[in-house]
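Structure first, commentary second.
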Amino acid sequence: SSGINAEYGGAPSHGNLAFNVADGDPIMANSIIVSLNSPVIDDLTTNLHQNSLEAEDFSRSAVDCFIEACYTGEIEAVTVSNFRDVVKMGHVFNISWLSARCVGYFEQHLNTARSDADLKFVVDEAAYQLASTKKSLYLEKVTQKFGKFPVKKLVHFFKDYLSDFGAAKAVMIDCCITIAQSNIDIILEIFLEHMENKEEKVLDTGSRAVLSKIDLDLCFERKPELHGRFFSLLDHITGSNQDDFKLICSLFKRVCQPKRQESGPVLAQDLVLDLVPVPLNSLASFIKCGKEEGLKSLINSREITNLYMMIDALITWTWITGEKLSPHLLDIIIRRKEKEHWGRVRAEILSNINVPYVHQLKSHHLEYEDDLAASFAVICEFPSDQFIKEVFKKK
């Protein structure tokens, strides 16, 4: 049922339950009427004999709306400014019909939204619901609505909504990426413009959120010209830390995912080798103390948890720095492999590991091919380095 119909007049006989709010005097209500709506309040007043409730986390306007809703079964007093707190009260005090009415209010506001402020409200509430409850009901409804907008309108909204891009929270970026759907290149362009206009090309909160979630393959497919701009920007990023290094590595792994056929195993020749080789300045945290010391740190990193990841890291390192793998470092790798009890690498899997890097390594560091192949033969316990050389020659 929805609400208990009774006149909400604040009469003394009704005011035996106090809602203590942050601003002003407590708001009084009839405990019986409110308890009939909320099993939580019923337990607090009937079993624990409380005659007051702490409501400092909610606005006075929201508490007024909540009490009126309990009395009348309607949410006529809900507004854009108190909506979130009314939703929270419905959740905290477990009033399902009130939560359902709030969803109805949200849908009505979404369906009639025209101004930038109205659209910002529904996206903000979708982001808040996702962050606080992990539910995406509001976000799904917003995405459906925005899916009918022309691209020009989407560009206008996202640029306005993410105007303070550097300080944008991760959940805001997540929602924008979801809402943009196939027009995700809009978000990447906003990111690029933001970074290109910065004097210091340092990653900030919004930038990290984009790099952790953006689908670059889809962006480049829709707008190939973004490819060069993106990797040119990575070439000029400065002041990065170890977390940024891990983020960039994760990004590259996503970009280098093999394109699977509808059926059958993934073959080396099926991989898309379109990654532009650029120096990753995020490796600064590893190389600032010297290239060999930096590689030693990378080898000993706890982020590397198996032999496949170690090989992937070494290919990446060699591709970026052009450094040879010294016998001393090779010994360190062997010792760690034995200490961690890492098994051998299966030949058929090694033939597909990070092939894009291998091909770029060939084109940029030809003189190191034999050295790296020999090192991998030792690390992987192959009887000779011939197999590794064959992997390097695959097209």
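Counting from 1, the numbers follow the sequence of the chain as shown. Not measured: the values here are computed from a predicted model.
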Problem - Polar contact flag, side-chain donor to acceptor under 3.5 angstrom, Asp116-Tyr161 - result: no

Exercise for the section: Keeping the roles fixed (side chain from Asn37, backbone from Ile33), state whether a donor-acceptor pair exists under 3.5 Å. Expected result: yes

Exercise for the section: Would you sort out whether Thr79 and Ser81 count as a side-chain hydrogen bond (donor to acceptor under 3.5 Å, both in side chains), showing the intermediate values? Expected result: CA-CA 5 Å; Thr79 65; Ser81 60; 2.9 Å; yes

Completion exercise
Closest non-hydrogen contact found for Ser59 with Asp85 is N-OD2, 2.9 Å

Exercise for the section: Any chance you could measure Ile173, atom CD1, to Thr205, atom OG1, to the nearest 0.5 Å? Expected result: 9.5 Å

Practice task
Measure the shortest side-chain to side-chain distance between Leu188 and Leu192 over non-hydrogen atoms and say whether it is less than 4.5 angstrom.
Solution key: yes

Problem - Over 12 non-hydrogen atoms of neighbours within 6.0 angstrom of CD in Glu225 - result: yes

Practice task
Examine Tyr128 and Met172 and state if one hydrophobic cluster contains both, with Ile, Leu, Val, Met, Phe, Trp and Tyr joined whenever side-chain heavy atoms are less than 4.5 Å apart.
Solution key: no

Fill in the blank from the handout: Output for pair (Glu221 CD, Ser182 OG), nearest 0.5 Å, gives 10.0 Å

Exercise for the section: Check Leu130 against Cys175 and note the closest heavy-atom contact, atom names and distance. Expected result: CD2-SG, 4.0 Å

Handout entry: Charged N-O contact under 4.0 Å between Lys198 and Asp204
Key = yes

Exercise for the section: Would you confirm whether the ring centroid of Phe93 sits within less than 6.0 angstrom of the ring centroid of Phe66? Expected result: yes

Practice task
Answer with yes or no whether the side chains of Thr45 and Ser31 bring together a donor and an acceptor at under 3.5 Å.
Solution key: no

Problem - Worked check of side chain to side chain contact (heavy atoms under 4.5 Å, CB included) between Tyr105 and Arg101 - result: CA-CA 6 Å; Tyr105 175 87; Arg101 292 293 176 86; over 6 Å; no

Fill in the blank from the handout: Rounded to the nearest 0.5 Å, the CD atom of Glu125 sits from the CG atom of Leu110 at a distance of 12.0 Å

Handout entry: Polar side-chain atom of Asn82 near backbone of Ala77 as donor-acceptor pair, under 3.5 Å
Key = yes

Completion exercise
Correct closest heavy-atom pair for Lys153 and Leu119 would be CE-CD1, 4.3 Å

Exercise for the section: State, to 0.1 Å, how close Ile214 and Cys219 come at their nearest heavy-atom pair, and which atoms those are. Expected result: CG1-SG, 3.9 Å

Completion exercise
When every non-hydrogen atom of Val78 is compared with those of Cys65, the smallest separation belongs to N-SG, 3.5 Å

Problem - Gln144 CD: over 12 foreign heavy atoms closer than 6.0 Å - result: no

Practice task
Check whether any side-chain heavy atom of Lys141 sits under 4.5 Å from a side-chain heavy atom of Val122, and report yes or no.
Solution key: no

Exercise for the section: Check whether the ring centres of Phe121 and Phe83 lie less than 6.0 Å apart, and answer yes or no. Expected result: yes

Practice task
For the residue pair Glu140 and Ser136, confirm or rule out a side-chain donor-acceptor distance under 3.5 Å.
Solution key: yes

Practice task
Say whether Val202 and Phe245 are linked into one hydrophobic cluster, either directly or through other cluster members, by side-chain heavy-atom distances under 4.5 angstrom.
Solution key: no

Practice task
Answer yes or no: is there a side-chain heavy-atom contact under 4.5 Å between Glu189 and Lys159?
Solution key: no

Practice task
Find out if a path of hydrophobic residues (ILVMFWY) with successive side-chain heavy-atom gaps under 4.5 Å connects Leu137 to Val171.
Solution key: yes

Handout entry: Steps toward side chain to side chain contact (heavy atoms under 4.5 Å, CB included) verdict (Gln129, Leu139)
Key = CA-CA 8 Å; Gln129 185 192 56; Leu139 181 57; 5.9 Å; no

Exercise for the section: Would you confirm whether Thr178, through its side chain, and Asp174, through its main-chain N or O, come within 3.5 Å as a donor-acceptor pair? Expected result: yes

Practice task
To the nearest 0.5 angstrom, please state how far the CG atom of Leu17 sits from the CD1 atom of Ile32.
Solution key: 11.0 Å

Handout entry: Validation row: Ile95, Cys70 side chains within 4.5 angstrom (heavy atoms)
Key = yes

Exercise for the section: Measure across Ala126 and Tyr138 and return the closest heavy-atom pair with its distance rounded to 0.1 Å. Expected result: CA-CB, 3.7 Å

Practice task
Give a yes or no on whether the backbone of Val21 and the side-chain of Arg60 come within a donor-acceptor separation of less than 3.5 Å.
Solution key: no

Practice task
Return yes if some donor-acceptor pair links the side-chain N/O of His91 with the main-chain N/O of Val87 below 3.5 Å, else return no.
Solution key: no

Handout entry: Main-chain N/O of Leu203 paired with Arg208 side-chain donor or acceptor, under 3.5 Å
Key = yes

Practice task
Look at the aromatic rings of Phe165 and Phe191 and report parallel, tilted or perpendicular, splitting at 30° and 60°.
Solution key: tilted

Problem - Criterion side chain to side chain contact (heavy atoms under 4.5 Å, CB included) on Phe106 and Val142, from CA distance to verdict - result: CA-CA 10 Å; Phe106 179 86; Val142 171; 3.8 Å; yes

Fill in the blank from the handout: To the nearest 0.5 Å, atom CD of Glu68 lies from atom OG1 of Thr72 at 5.0 Å

Handout entry: Point-to-point distance, once rounded to the nearest 0.5 Å, from CD of Glu196 to NZ of Lys201
Key = 7.0 Å

Exercise for the section: Check for a donor-acceptor pair, side chain of Asp185 on one end and backbone N or O of Arg222 on the other, with a separation under 3.5 Å. Expected result: no

Exercise for the section: Establish, yes or no, whether a centroid distance under 6.0 Å links the rings of Phe157 and Phe146. Expected result: yes

Exercise for the section: Using atom types as modelled and distance alone, determine if a side-chain donor or acceptor of Thr46 lies under 3.5 Å from a backbone N or O of Asp42. Expected result: yes

Handout entry: Short side-chain to backbone donor-acceptor contact, Asp215 and Leu218, under 3.5 Å
Key = yes

Practice task
Could you please spell out the steps behind the side chain to side chain contact (heavy atoms under 4.5 Å, CB included) verdict for His236 and Met195?
Solution key: CA-CA 10 Å; His236 292 87; Met195 290 297 295; over 6 Å; no

Problem - Joint hydrophobic cluster, Val63 plus Val40, side-chain heavy atoms closer than 4.5 Å - result: yes

Handout entry: Any Asn51 side-chain heavy atom under 4.5 Å of Asn16 side chain
Key = no

